[in-house]
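Only one structure is covered here, and it is reproduced in the block below.
Order of the sequence lines sets the chain letters (A, B, ...), proteins ahead of strands, with each chain counted from 1. These values consider heavy atoms only, across backbone and side chains, with no hydrogens, waters or symmetry-generated copies.
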Number of protein chains: 2
Amino acid sequence: MPPAARPARVDAVRNRASLLAAAEAEFAERGIDASVADIAHRAGVAKGTVFRHFATKDDLVAAVAGDRLARLVAVARRLSESPDSGVALREFLSAAAEILQQQGLAFLRAASECNPVVAEIRDQLLASAGVLVDRARRDGIVRADVTGADVLLLTCATVHTVAAMSDPTPDLWRRYLAIVIDGLRPEGASPLPGPAPERL
Amino acid sequence: MPPAARPARVDAVRNRASLLAAAEAEFAERGIDASVADIAHRAGVAKGTVFRHFATKDDLVAAVAGDRLARLVAVARRLSESPDSGVALREFLSAAAEILQQQGLAFLRAASECNPVVAEIRDQLLASAGVLVDRARRDGIVRADVTGADVLLLTCATVHTVAAMSDPTPDLWRRYLAIVIDGLRPEGASPLPGPAPERL
DNA sequence: TAGCAAGTTGACCGCCCGGTCATGTTCGAC
DNA sequence: GTCGAACATGACCGGGCGGTCAACTTGCTA
């Protein structure tokens with residue numbers, strides 16, 4: 001084991017937290033193109049301080065994305081204990097939409113593409129979503145030919161597209177998530193073309 | 001009337017066409033962040049030539065987007081004559097997905113935001129989609145609470161999200177468009193929350 | 001074929017980006 | 001209170017961007 005590194009200074013801890021909060025807000029507002037300088041300014045520190053805590057901008061993106069994904073995995077695991085598999089799936093998709101709000105798939109892809117830690121959390125999310133979908137499918141609540149990756153992608157799609165509108169209505173994603181969920185019901189469903197994706 | 005401006009030179013016409021084709025391809029591959037220099041190189045001309053034909057990069061984006069939207073409006077008008085309103089709507093959404101392939105809503109928004117010509121074509125598209133949806137609704141093929149803007153947004157959502165994946169499967173959007181279309185059917189649909197959007 | 005407007009070129013500009021680093025500052029152990 | 005390591009700072013760098021322009025080339029007209 002390493003020789004017990006000295007604990008971080010309190011100001012450093014505080015600045016790191018400010019940076020993460022500022023980055024989360026800035027990425028939500030401007031997407032992955034938000035500049036490091038703007039994030040630093042919002043956090044009330046100089047630009048150099050950002051790179052003391054996160055070696056590259058990608059590392060900062062990964063920290064924010066990993067945090068969000070981990071929160072969502074926790075929700076999925078809790079819901080997989082729920083007795084009603086249909087309600088559990090619907091609640092999971094609402095939670096996914098809210099937690100991934102605005103960041104969109106492109107953000108998460110950029111984060112996980114070259115960062116094994118985020119990629120690992122993403123795979124856990126994929127597995128957790130799969131559990132929820134499988135359970136709902138066994139109970140005859142969703143059609144037989146959809147997977148966890150399918151519902152996650154569709155949820156990302158609704159959230160991101162609403163966020164990309166000229167003046168986004170805050171809750172419009174609920175409308176489209178409802179249509180998507182209705183599209184998952186088994187009665188009268190036409191068979192889906194092509195295979196489901198294996199990754200996001 | 002203006003005094004009959006001299007017709008454009010043949011090389012200028014050729015270069016303009018090359019530029020539009022190169023821009024369309026480059027925007028499809030790299031999104032709206034494709035650089036003017038890359039577009040010029042792909043078209044086989046120097047960067048300055050781009051700005052002779054299109055005063056700003058935004059004008060070039062508007063030209064490409066306007067062309068795509070106009071093509072889609074033509075498809076919608078043709079399909080509104082079709083006898084089967086359900087087939088017409090499905091074909092329209094497939095055409096929309098194919099024509100808007102990859103560009104996504106953000107591209108079209110950037111194009112129409114400050115360009116009245118593109119905004120006008122976008123409004124025509126919205127109206128044409130409304131006609132198709134209204135007809136299908138009257139025939140009891142789609143649920144009562146969706147609009148033309150709804151189905152256009154959902155189509156943009158599927159196409160764009162598939163394009164944003166790590167390694168996009170070319171036809172995966174068909175899978176998700178099928179789920180969305182199944183979500184539009186009236187039988188057993190749960191009422192949609194919130195009002196439909198009026199613009200894109 | 002002569003001449004010129006129209007078209008083309010590529011070096012150049014200012015700007016902003018992610019990232020670096022010498023210098024100055026502050027926390028905390030003793 | 002002293003002192004050193006950790007930390008913060010902001011000027012600075014190289015690079016790529018959209019956009020400009022004086023000099024050059026070319027297609028068209030007369």
| message | Can you build the contact string for nucleotides 17-30 of chain D? Use B for base contact, S for sugar-phosphate-only contact, and - for no protein heavy atom under 4.0 Å. | response | SBBB-----BSS--
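- Of all nucleotides in DNA chain C having an atom under 4.0 Å from a heavy atom of chain A, the first and last in 5' to 3' order are C/dC17 to C/dG28.
- As judged by a 4.0 angstrom heavy-atom cut-off over every strand, A/Val50 is placed among residues making no nucleic acid contact.
- Counting only heavy atoms from C-beta outward, the side chains of A/Arg16 and A/Leu19 never approach each other to under 4.5 Å.
- Summarising the geometry, atom CG belonging to B/Asn115 is positioned 6.5 Å from atom CG belonging to B/Asp59; distances are rounded to the nearest 0.5 Å.
- Per the geometry, CZ belonging to A/Phe54 stands 13 Å off P belonging to D/dC7, to the nearest Å.
- Around the CZ atom of B/Arg71, the shell of radius 6.0 Å holds more than 12 heavy atoms that belong to other residues, nucleotides or ligands.
- A chain of hydrophobic side-chain contacts below 4.5 Å, direct or via other Ile, Leu, Val, Met, Phe, Trp or Tyr residues, connects A/Leu100 to A/Val75.
- More than 12 heavy atoms of other residues, nucleotides or ligands sit less than 6.0 Å from atom CD of B/Glu187.
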Identify each donor-acceptor pair in which a side-chain atom of residues 86-99 of chain B lies under 3.5 Å from a protein atom, sequence neighbours left out, and give them as a table.
residue, atom, partner, partner atom, Å
B/Ser94, OG, B/Arg90, O, 3.4
B/Glu98, OE2, B/Arg174, NH2, 3.1

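- At distances below 3.5 Å, at least one donor-acceptor pair connects side-chain atoms of B/Arg175 with backbone N or O atoms of A/Gly194.
- The existence of a salt bridge linking B/Arg143 and A/Asp182 is confirmed by a sub-4.0 Å separation between a basic side-chain nitrogen and an acidic carboxylate oxygen.
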